[in-house]
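Below is one structure, written out as structure tokens; comments come after it.
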Amino acid sequence: MKVLVTVKRVIDPYVKVRVKSDGSGVETANVKMTMNPFCEIAVEQAVRMKEAGVVSEIVAVSIGAPQCQETLRTAMAMGVDRGILVETEVDVQPLAVAKVMKAIVAKESPKLVIMGKQAIDDDSNQSGQMLAALLGWPQAAFISKIEINGDNADVTREIDGGLEKIAIRLPAVVTADLRLNEPRYVTLPNIMKAKKKPLEVVKPDALGVDVAPRLTTLKVEEPAKRGAGVKVADVKELVAKLKNEAKII
Ligand code: AMP
């Protein structure tokens, strides 16, 4: 069984994000970039399924600038067999991601697509759901467990108020949530091995996909700075402040 995983290159979550001075977006020049954490979980899951003998081949796909090749190499160092970079300088939005992935699915015929539940830069949480809709495939978003049973996948989903267990027919699209697994660290020998793995570069045009943005960002702003806190002497003073100053009671 072949599995496709998607890996997005994003600003490292431990870096303090700065807004560009013209308010057109966030600064990415000279900023440390890394694989989106939820994509790491998706990759780890595919690799564990291959190690368990359930999966025969894992192909990772990244859409973006040439530097996304580094992200694909990291995925390969974790155990992915080969990579596809869909190269574009356009900041792709979820619908474009879903269209590109639909074209890749047509070429690769995987039985399962594992994506991250959301990219930590745009926080859209849409690409997986849109891909499933475009393909007309079953989907399970926010999974914390998956087991393949013949032509079905038994999955546990993280939902408001608990866990939902469902069986979905393959081929399907699933999106990885935080508790699915803990991704492994890449080792130096595996980084070296990954350099020799195949990496194909294609342009969206060659896939027949228009990735032009459909949404326009009007302005990006820093959140308002929080004022300093004050200590109150007793509950009476607290209630008075909430009533008269904050006016919330
Ligand atoms: P989003 O809908 O933007 O929150 O992204 C959800 C998931 O879609 C991410 O965790 C990735 O697995 C995948 N994805 C989104 N954008 C890209 C991209 N440019 N390249 C590869 N995968 C992506």
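Start at 1 and go down the list; that is how both ligands and their atoms are numbered. Not measured: the values here are computed from a predicted model. We use all heavy atoms of the structure for the numbers below, so side chains are in, but hydrogens, waters and symmetry mates are not.
In this structure, Lys219 pairs ionically with Glu221, as a charged nitrogen and a carboxylate oxygen lie closer than 4.0 Å. Under the 4.0 Å criterion applied to side-chain N and carboxylate O atoms, Glu200 and Lys107 are assigned as salt-bridge partners. Ion pair Lys50/Glu44 not flagged as a salt bridge, since none of the NZ, NE, NH1 or NH2 atoms sits closer than 4.0 Å to an Asp/Glu carboxylate oxygen.
Here the protein heavy atom with the shortest distance to atom 11 (C) of ligand 1 is Cys39 SG, 3.4 Å. From the protein, the heavy atom lying nearest to atom 22 (N) of ligand 1 is Thr6 CB, 3.5 Å. For atom 19 (N) of ligand 1, the closest heavy atom belonging to the protein is Ile63 O, 2.8 Å. Scanning all protein heavy atoms for the shortest distance to atom 21 (C) of ligand 1 gives Val7 O, 3.3 Å. What sits closest to atom 7 (C) of ligand 1 on the protein, heavy atoms only, is Gly116 O, 3.2 Å.
Of the candidates Val86, Thr175, Val10, Asp122, the one placing a heavy atom closest to atom 3 (O) of ligand 1 is Asp122.
Donor-acceptor pairing under 3.5 Å is recorded for the side chains of Asn125 and Gln129.
For Glu182, the CD atom is loosely surrounded, since the number of other residues' heavy atoms within 6.0 Å does not exceed 12.
Not a single heavy atom of Ala42 sits under 4.0 Å from any atom of ligand 1.
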